[in-house]
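Here is the structure we will look at, set down as structure tokens.
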Amino acid sequence: MLWGLNIGLFALFSVLYALHWLLHGEQARRIASHTVLSMALGTIPMGLATIANGFVLFGPALVGPAAISIAHGLWLLDCGLAIAAGLGVPLLMFTRQSHSPAQMTGVWLLPLVAAEVAAVSGLQLVTHLPQAEQGGVLLASLALWACSVPLALGLVVVLVVRMIVHSLPPASMAPSCWLALGPIATGALGMALFSQVVQGALANTVLAPLAQPMAGAGLLLATLLWGYGLWWVGLAGLISARYFTAPVPFNLGWWAYVFPLGVFTLATWALADIWDSGLLWGLGVVLGIVVVLTWMIVALRSIGSVWRSSPAGNDADAPADPGFDDHSSVPASAVPSQ
Amino acid sequence: MIVIDTSPHPAILPPLAGNAIRHFAPNWFAATMGTGVVALVLGHFGQVPALY
């Protein structure tokens, strides 16, 4: 039901965004120079990835074998969009935008993480495909993981230095501290899935004798990244507790509270399966409950923000919510016209 | 700051949809990431169709 609702949401947003480009092309092009909104281009493939994963997990029971073909098609589209965001947005940052170290936040990670999210989708899909295709999907998923994780982990270190040198970002960017958990948790989930599927995917190939050590290497990487993620959960939790000692204004950036912790929950459960650990499973349940409750709050507040900006509300001409209200860094030309 | 919006406003669109299209920004897709991952998390609690 929720997954179906999400397909509806994604379709609605795709139509709205296509019409936005069609009718307000000038304004749509301007986000290329917007230091925050352009990062959100990475959320398009990542939203699509959750739908593709749903077709693998829930699809066969709901729509039959066609679900896997649909998931495969969506995954290919996801890969294309993720590569475009991962290459295109950094190029825009270098050439069209002006950034400073003090203004850096976890938002910089969004376009880069899309590729490893696509890798996770590929690794979830791979065992459902014909044996002959599995090796190629496995290789592509590893490449996508590597297009994202090493650079994102480096950028997370820069983010830590930025917080040491320039203190925490303003309250309007409060949720962005959770974005660093995204690449760590996704990297861990990717490697955990890899360790589970590699032996099946490489069976009957020349690499079959190497599949078992590769599974072990994947598990080791997954577990180490997961431990690192645990530290970030603690740090981001403490930072958030500090922010919420004063009012934190709502904006669409609050969605950063949901996705990274959700992926970390999935990674915790994947490792609970592999390690056969009841403790990890229980921790996953606690995290899962936190994620669902957080989602309820953020979803309700998002609906509230739509209501207030609709003509029925009192703020009909409000400009687009940049998600992370970073107006100070936005060139005047990039402010959506009213 | 007031900027004059010169983009065309097709009369065929109802005001609500027109407003939504004019102000739409890609950061709304973050809502599909969050909702999607919650559906996947709920799927792990049990294969109950009502949950996901």
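Naming: A, B, ... by sequence-line order, numbering from 1 per chain.
- The two residues B:A31 and A:F13 make their nearest non-hydrogen contact at CB-CE1, 4.3 Å.
- Closest non-hydrogen pair, B:V37 versus A:V263, comes out as CG2-N, 3.8 Å.
- With values rounded to the nearest 0.5 angstrom, B:L42 atom CG is found 8.0 Å from A:W295 atom CH2.
- For the set A:L16, A:V258, A:V117, A:V291, the count of heavy-atom pairs under 4.5 angstrom toward chain B peaks at A:L16.
- Remark: A:L9 CG to B:M33 CE distance equals 14.0 Å, nearest 0.5 Å.
- For A:S14, the parts lying near chain B are the backbone and the side chain together; criterion is any non-hydrogen pair under 4.5 Å.
- Closest approach of B:W28 to A:S305, counting heavy atoms only: CH2-OG, 4.3 Å.
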Would you tabulate the side-chain donor-acceptor contacts of residues 36-64 of chain A under 3.5 Å, counting partners in other chains and residues two or more places apart, or write 'none'?
{"from": "A:S38", "atom 1": "OG", "to": "A:H34", "atom 2": "O", "distance (Å)": "2.6"}
{"from": "A:S38", "atom 1": "OG", "to": "A:Q97", "atom 2": "NE2", "distance (Å)": "2.9"}
{"from": "A:T43", "atom 1": "OG1", "to": "A:A40", "atom 2": "O", "distance (Å)": "2.6"}
{"from": "A:T43", "atom 1": "OG1", "to": "B:P26", "atom 2": "O", "distance (Å)": "3.3"}
{"from": "A:T50", "atom 1": "OG1", "to": "A:N6", "atom 2": "ND2", "distance (Å)": "3.4"}
{"from": "A:T50", "atom 1": "OG1", "to": "A:G47", "atom 2": "O", "distance (Å)": "2.7"}
{"from": "A:N53", "atom 1": "OD1", "to": "A:S121", "atom 2": "OG", "distance (Å)": "2.7"}
{"from": "A:N53", "atom 1": "ND2", "to": "A:Q124", "atom 2": "OE1", "distance (Å)": "3.2"}

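- Across all non-hydrogen atoms, the minimal contact from B:V38 to A:V292 is CG1-CG2, 4.3 Å.
- Atom OG1 of A:T265 sits about 11.0 Å away from atom CG of B:L40, to the nearest 0.5 Å.
- Interatomic distance, CG of B:N27 versus CG of A:L252, reported as 5.0 Å (0.5 Å rounding).
- Neither the backbone nor the side chain of A:V15 comes within less than 4.5 Å of any heavy atom in chain B.
- If you tally non-hydrogen atom pairs under 4.5 Å between each of A:W21, A:Y17, A:Y257 and chain B, the highest count goes to A:Y17.
- For the pair A:Q27/B:R22, a side-chain contact is recorded, criterion being any heavy-atom separation below 4.5 Å from C-beta on.
- Of all heavy-atom pairs between A:G262 and B:V41, the closest is O-CG2, 3.8 Å.
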